[in-house]
Trainee: 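Got a structure here, written out as structure tokens. Questions coming.
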Amino acid sequence: MRKRILIALLSITVAGILLLALLFTDVFYQNNVDAAERQLQIYMNFFDASAPFTQEEAESFSQKTDGARVTLMEADGTVVADSYAPVQGETREDREEVREAIENGEGYSVRESGTVGENMIYYCVRIDGQGGALVRIGMRLDTGVSFFVDALPTVIWFLVLDILCCLVFAWLATSAILKPVENLTKELASSASGSEIRTKYSELKPIAKMMNDMSADIGDKVARIKEDNRIEKLVLDSMEHGIAIFRSPSDVILINKTAARLLSYEENEPIPLFTEDAEISDLLSAGESASVYRTFGEKDYNFRFTMGDPNVLLITDVTESMAAARSKNEFIANVTHEMNTPLTSIKGFAELIAAGAVPPERIQGMAKTIIKQSDRLANLIRSIINFSAIDSDELPDYEVDISELIAELIGGFEPKLRKKNIALRLNVEQGVKVMSRRERLVEILNNLITNGIRYNKEGGTLEISLSGGDRPRLTVQDTGIGLSEEDKTRIFDRFYTVDKSHNGSGGGFGLGLAIVKKLCRRAGWELKVESTLGEGTAFTVVFCPKNEN
Ligand code: ADP
């Protein structure tokens, strides 16, 4: 601004000074011409009109008039005598002053003399007493340019002075104008956010008001942006998925808590996984969107990279879905395996019989084996169907008298109990009722009692206890082989059997307890196992009412 004011001031004043200088030059010049004209008139008054027109007269008159140029001419402008140059005989009729004098009796002209070569002022008079002869007096006259050149040093001094004045004035003026604005700017810079800016200058009050309004508006916007950011961060951080937005391993734009934890992210440090994991590092270099799976501790994660500008990484915990997929595969493998054994033996025996390669006395034995293996296969299929059916069982609950159910079922186990010489103790409270379905409770009781006999010792004891109340409790306790600590945690897994040698003989397929557990979980009942290896096992089901869960 200072510079602009200075330039404007300088331009105006320099132009003014130059214009004035020209104007004064012109005025002085005109004055000079006027003075010269008067001087020439005075000189002319001294000319003796009766004197002869000779060279001597011209020179003598020139001396009287301070050395002015005196030209004496005939009435037609032919030079008779000239005090400056021998131009006798030449005509000066074409000269302006001469022409005017011939026509009007007198004439002036200012011009550069062709004879003398200098700027001259001429005054020519017609002397009627001498037949219209002409007398001309001329004297040197400074030109306008020479006036200006003479004045130039003064003009330059003025210009220098003008520049200095302009500098000082521009400085003072701009300081005076800018100071309030500078003060306002300072106040704006130093004012705490939210505080009002004031000015004592009325001209600046609208600006101050505008600034205050803008500052309030900006303050609101910043607060809103901050709040949005806070909420965004809250949302991102509360997500169980990890999310990271980045340009390169060390240029991370946004990362939520889950991703930061999984990627061991440290601010201003490259993400280790992106540089150390060869597959991910290659993937990032190639810039192609892709998915990779990684395991951290006991969890499996899917890393989905969407490459662009910037890149986005979404980390999803896929532990459950992968476990489900694994468990499905395991389940299929187990089922296939469990089916294979009886099927192979059925097929083998049937082929032998069909080929007539079995002596008649052994056919009956083989047929019994085929029937036994078929029963086993049917049991397996029934167990699998039961196990799977639990998930889709949406049939309504009703009150089942579990005390009665135990009494009904227990008769069916008599042969097995007797076979192993197992003593049965019933400690059943009568009239205990549970909200469920009969077939579900039958499944639970059958499995627990079968195991209590199957894994009991010869001559052991099997105790079935049932107590009522708000939370009826069923315990099936045996004095059998018991379970190790590790087996206690695994017996509820599908197809898990402690002693694999049971498989294919009297043992089950490891589905019984898995079915019990699934039924209890769906009903919200508690299932506990207490066991000491070699001493016996107790399974307890606590029938918690549904509203407790
Ligand atoms: P299975 O049909 O093989 O009995 P379960 O799911 O009922 O399958 O039982 C799983 C495994 O748990 C059994 O193979 C057995 O090793 C163990 N088990 C179950 N009940 C008892 C028990 N009362 N005493 C000792 N071990 C048991």
Side-chain angles (χ1 to χ4, degrees), residues 327 330-331 333-342 372-373 375-390 406 409-410 412-413 416-417 419-427 440-466 473-522 525 527-541:
S327 129
E330 268 173 31
F331 184 75
N334 282 326
V335 168
T336 324
H337 173 76
E338 292 295 345
M339 282 183 157
N340 212 25
T341 320
K372 199 176 156 194
Q373 293 299 342
D375 284 346
R376 191 169 163 73
L377 207 55
N379 273 344
L380 173 64
I381 292 166
R382 190 185 58 82
S383 295
I384 293 168
I385 291 171
N386 284 351
F387 183 80
S388 308
I390 297 170
I406 293 170
L409 290 178
I410 205 71
F413 290 101
K416 286 182 184 168
L417 287 166
K419 201 173 165 195
K420 271 185 120 175
N421 198 21
I422 293 168
L424 176 69
R425 277 193 217 148
L426 286 176
N427 196 1
R440 293 179 200 154
L441 292 169
V442 167
E443 190 74 43
I444 292 173
L445 283 164
N446 270 344
N447 274 307
L448 294 182
I449 296 169
T450 304
N451 284 348
I453 298 169
R454 189 183 279 160
Y455 303 109
N456 215 326
K457 290 175 191 160
E458 277 281 328
T461 309
L462 177 70
E463 185 174 341
I464 301 172
S465 313
L466 180 71
R473 174 184 282 257
L474 167 76
T475 303
V476 178
Q477 185 166 13
D478 63 61
T479 52
I481 55 173
L483 291 159
S484 69
E485 285 306 309
E486 196 211 331
D487 287 334
K488 264 197 265 181
T489 60
R490 302 201 56 195
I491 48 170
F492 298 106
D493 294 349
R494 289 175 304 186
F495 295 104
Y496 184 78
T497 50
V498 175
D499 185 354
K500 306 291 172 201
S501 63
H502 284 303
N503 292 11
S505 59
F509 305 101
L511 275 175
L513 286 179
I515 291 173
V516 173
K517 186 186 168 189
K518 206 172 186 183
L519 284 168
C520 288
R521 203 181 58 213
R522 285 214 14 139
W525 300 328
L527 173 65
K528 293 188 279 191
V529 59
E530 285 165 279
S531 182
T532 309
L533 199 58
E535 286 184 17
T537 307
F539 287 97
T540 302
V541 179

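Bear in mind the structure is a predicted one, so any value in this text is a computation, not a measurement. Ligands are counted one by one from 1 in listed order, and the atoms in each one are counted from 1 as well.
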Trainee: Which of the numbered atoms in ligand 1 are under 4.0 angstrom from any heavy atom belonging to Phe509?
Mentor: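 The atoms of ligand 1 under 4.0 Å from a heavy atom of Phe509 are 2 (O), 3 (O).
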
Trainee: When you compare ligand 1 with Leu513, is there at least one nitrogen or oxygen pair between them that comes in under 3.5 angstrom?
Mentor: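 Yes; the residue has a nitrogen or oxygen that sits under 3.5 Å from a nitrogen or oxygen of the ligand.
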
Trainee: At their closest point, which heavy atom of Ile444 faces which heavy atom of Trp525, and how far apart are they?
Mentor: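 Nearest pair, atom of Ile444 first, then Trp525: CD1-CZ3, 3.7 Å.
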
Trainee: Does this structure show an ion pair linking Glu443 with Arg440, if we count only N-O contacts that are shorter than 4.0 Å?
Mentor: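 Salt bridge between Glu443 and Arg440, a charged N being under 4.0 Å from a carboxylate O: no.
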
Trainee: Is it the side chain (CB and beyond), the backbone, both or neither of Asp478 that lies under 4.0 Å from ligand 1, heavy atoms counted?
Mentor: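 For Asp478, the contact with ligand 1 is made by the side chain alone.
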
Trainee: Quick one: does Thr497 get an N or O within less than 3.5 Å of an N or O on ligand 1?
Mentor: no

Trainee: Test Ile464 against every option in Leu448, Ile410, Asn427 by the side chain to side chain contact (heavy atoms under 4.5 Å, CB included) rule and name the one that passes.
Mentor: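 Single side chain to side chain contact (heavy atoms under 4.5 Å, CB included) partner of Ile464 among Leu448, Ile410, Asn427: Ile410.
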
Trainee: Quick check on contacts: which atoms of ligand 1 are under 4.0 angstrom from a heavy atom of Arg454?
Mentor: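 Ligand 1 atoms under the 4.0 Å threshold to Arg454: 1 (P), 2 (O), 4 (O).
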
Trainee: Any heavy atom of Phe492 closer to ligand 1 than 4.0 angstrom?
Mentor: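 Not so, Phe492 does not reach ligand 1.
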
Trainee: Testing the basics here: between Leu513 and Phe492, what is the closest heavy-atom pair and its distance to 0.1 Å?
Mentor: O-CD2, 3.7 Å

Trainee: Could you point out which residue of Leu483, Ile481, Asp478 forms a side chain to side chain contact (heavy atoms under 4.5 Å, CB included) with Ser531?
Mentor: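 Among the candidates, only Leu483 passes.
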
Trainee: So which heavy atom on Leu511 is nearest to which on Ser383, and how close?
Mentor: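 Result for this residue pair: CD1-CB, 3.7 Å.
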
Trainee: Treating Lys528 as the side-chain partner and Ala538 as the backbone partner, does any N or O pair qualify as donor plus acceptor under 3.5 Å?
Mentor: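 Side chain of Lys528 to backbone of Ala538: no pair is present.
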
Trainee: Which bit of Leu483 gets closer than 4.0 Å to ligand 1, counting heavy atoms only: side chain, backbone, both or neither?
Mentor: side chain

Trainee: Which atoms of ligand 1 have any heavy atom of Tyr496 under 4.0 Å away?
Mentor: 10 (C), 11 (C), 14 (O)

Trainee: Looking only at N/O atoms, are Gly482 and ligand 1 under 3.5 Å apart anywhere?
Mentor: no

Trainee: Which residue from Gly480, Ser484, Gly510 reaches closest to atom 8 (O) of ligand 1 through any of its heavy atoms?
Mentor: Gly510

Trainee: Which atoms of ligand 1 are found less than 4.0 Å from any heavy atom of Phe539?
Mentor: 20 (N), 23 (N)

Trainee: Ignoring hydrogens and geometry, is there a side-chain-to-backbone donor-acceptor pair from Lys416 to Ile453 under 3.5 Å?
Mentor: no

Trainee: Under a 4.0 angstrom heavy-atom cut-off, which atoms of ligand 1 come close to Leu511?
Mentor: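 Atoms satisfying the 4.0 Å criterion: 6 (O), 8 (O).
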
